[in-house]
Structure formats: C-alpha cells, structure tokens
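Heads up, the thing below is written out as structure tokens.
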Amino acid sequence: MHSIGYRANALLTFAVTILALMCAIVSLSDNLNSPSPTSQVQVLNINWFQKKPDGDDEVSLTLNISANLQSLFTWNTKQVFVFVAAEYETPKNALNQVSLWDGIIPSKEQAKFWIHTTNKYRFVDQGSNLRGRDFNLTLHWHVMPKTGKMFADKIVMSGYRLPEAYR
C-alpha cells in the first residue's frame, strides 16, 4: 500500500501537469485569432514650430486620432497599450521615433475610440533637422494577454510634412 504522502504527491503532480497542459493549449488557441484593427490620424494644426534656445527643434501638433482595435481583444486579452509615434529620417539616424500620445485600453468596449488632442509628449529633435521634413505617424499597439506571450504590431500612416520655416 502507498502512504498518504505518496498519494497526495501523485495527485498534486497530476493536477499541475494537467493545469500546465491546459495553459499551453489555451495560449496556443489565441494564435487562431487574426485581428484587423483600423486607425486614422489627422494633423489638424501645427500649433507652433520653433527652435529652442539650445538649438533643438520643437513642434506642437493638434491631432484627431480614431481607431477600432476591438479585433485585438479575445478572451485572453488583459489590456492593450497603444501609442502614436512620429517617425522620420535624418542624416545622422535612419529612424527617429518620437512618442506623441499613448493610452491603455482595458476592455473591448473602450477599444473603439476617437480623440481630439495635442501631442501629450514633446516632439523635439536634437538639432535643426525638422524643417521641411517628411514624417510618418504610426499607431503602435502591444497586446498584454492573461496567459502567454505579448505581441505587438503597428499601422503606418505616411504623407505628413513639417513646414520649411519656424512659426
């Protein structure tokens, strides 16, 4: 006969093995979801475009941000972190990214939104590289699951240009 300790150990080992197997299957089932989020960002106004006393360029923008990220939510989604970044090239760097706005979306009901805002974070370039510069606005998101690995993706919106002169 087996002792109570041996039986409890066997039962606990079996239960943990089944739980780990269920978590793995559940995490893999989330890969069957193929999200199709949509987004549009409009630059309504360039509030100011100036050269700071230290020589850096600074821009303030008024933005309309609309997005439908509901398809990112599944039973396994805890929350989605989303941010809008300005991306541009300079002679020094192939890619410059400046975060302009961010937010945390805790539920599917809040994943369809429209926001009229100025950039939450300063759009500053080290040097005078922004005059007449083309840039993209990119909506990035990071899906934080309840179990399994995080994943990230983005939508790039191109065709934006800063003015040649400071205002």
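In what follows, residues are counted from 1 in the order of the sequence shown.
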Steps toward side chain to side chain contact (heavy atoms under 4.5 Å, CB included) verdict (T17, T13): CA-CA 6 Å; T17 302; T13 302; 4.3 Å; yes

How would you list all residue pairs meeting ring-ring contact (aromatic ring centres under 6.0 Å, His included) that involve residues 48-75, not counting sequence neighbours? F49-Y166

Answer yes if F123 and I115 sit in the same cluster of Ile, Leu, Val, Met, Phe, Trp and Tyr residues linked by side chain heavy atoms under 4.5 Å apart, and no otherwise. yes

Does any pair with a residue in residues 98-119 pass salt bridge (charged side-chain N to carboxylate O under 4.0 Å, His left out), and if so which ones, sequence neighbours excluded? D102-K120

Residues forming a side chain to side chain contact (heavy atoms under 4.5 Å, CB included) with T74, sequence neighbours excluded: D30, N33, N76, T77

Run the side chain to side chain contact (heavy atoms under 4.5 Å, CB included) test against V124 and tell me which residues pass, sequence neighbours left out. K52, D56, E58, R122

How long is the gap from NE2 on H116 to CG on L63, to the nearest 0.5 Å? 9.0 Å

Are more than 12 heavy atoms, taken from residues, nucleotides or ligands other than M144, located less than 6.0 Å from that residue's CE atom? yes

Gap separating the OG atom of S60 from the CZ atom of R167, nearest 0.5 angstrom: 11.0 Å

S36 versus S71, closest heavy-atom pair with distance: N-OG, 2.9 Å

Got a sec, which residues hit side chain to side chain contact (heavy atoms under 4.5 Å, CB included) with I104, two or more places apart in sequence or on another chain? Q79, F81

Hey, any chance M157 and L72 share a hydrophobic cluster, counting ILVMFWY side chains that come within less than 4.5 Å of each other, even indirectly? yes

Shared hydrophobic cluster, V41 / W141 (ILVMFWY, side-chain heavy atoms < 4.5 Å): yes

Close side-chain approach of L139 and L69, heavy atoms under 4.5 Å: yes

Would you kindly say whether T62 and N45 are connected by a side-chain donor-acceptor distance under 3.5 Å? no

Partner residues of Y121 under the ring pair (Phe, Tyr, Trp, His ring centres under 6.0 Å) criterion, sequence neighbours left out: none

Mind checking what makes side-chain hydrogen bond (donor to acceptor under 3.5 Å, both in side chains) contact with K154, not counting sequence neighbours? none

Across all chains, not counting sequence neighbours, the side chain to side chain contact (heavy atoms under 4.5 Å, CB included) partners of K78 are K146

Look at the side chain of N68 and the backbone N and O of Q70, then say whether any donor-acceptor pair between them is shorter than 3.5 Å. yes

Here the gap from N119 atom CG to N47 atom CG, rounded to the nearest 0.5 Å, amounts to 7.5 Å

CG/L44 to CG/N64 distance, rounded to the nearest 0.5 angstrom? 4.0 Å

Testing the basics here: between S128 and K51, what is the closest heavy-atom pair and its distance to 0.1 Å? OG-NZ, 2.7 Å

Kindly compute the distance separating CD (Q110) from CD1 (I105), expressed to the nearest 0.5 Å. 8.0 Å

Got a sec: does the CG of L21 have more than 12 other heavy atoms crowding it under 6.0 Å? yes

Would you please name every residue forming a side-chain hydrogen bond (donor to acceptor under 3.5 Å, both in side chains) with T118, sequence neighbours left out? none

Co-members of the apolar cluster containing L12 [side chain, <4.5 Å]: V16

Any side-chain heavy atom of P163 sitting closer than 4.5 Å to one from R131? no

Give every donor-acceptor pair under 3.5 Å between a side-chain atom in residues 91-101 and any protein atom, sequence neighbours left out.
from : atom 1 : to  : atom 2 : distance (Å)
N93  : ND2    : N96 : OD1    : 3.3
N96  : ND2    : Y88 : O      : 3.2
N96  : ND2    : T90 : OG1    : 3.2
Q97  : NE2    : E87 : OE2    : 2.6

Let me check something: do F83 and I65 share a hydrophobic cluster, defined by ILVMFWY side-chain heavy atoms less than 4.5 Å apart, either directly or through other members? no

How long is the gap from NE2 on H142 to CZ on F151, to the nearest 0.5 Å? 11.0 Å

Partners meeting ring pair (Phe, Tyr, Trp, His ring centres under 6.0 Å) with F14 (sequence neighbours left out): none

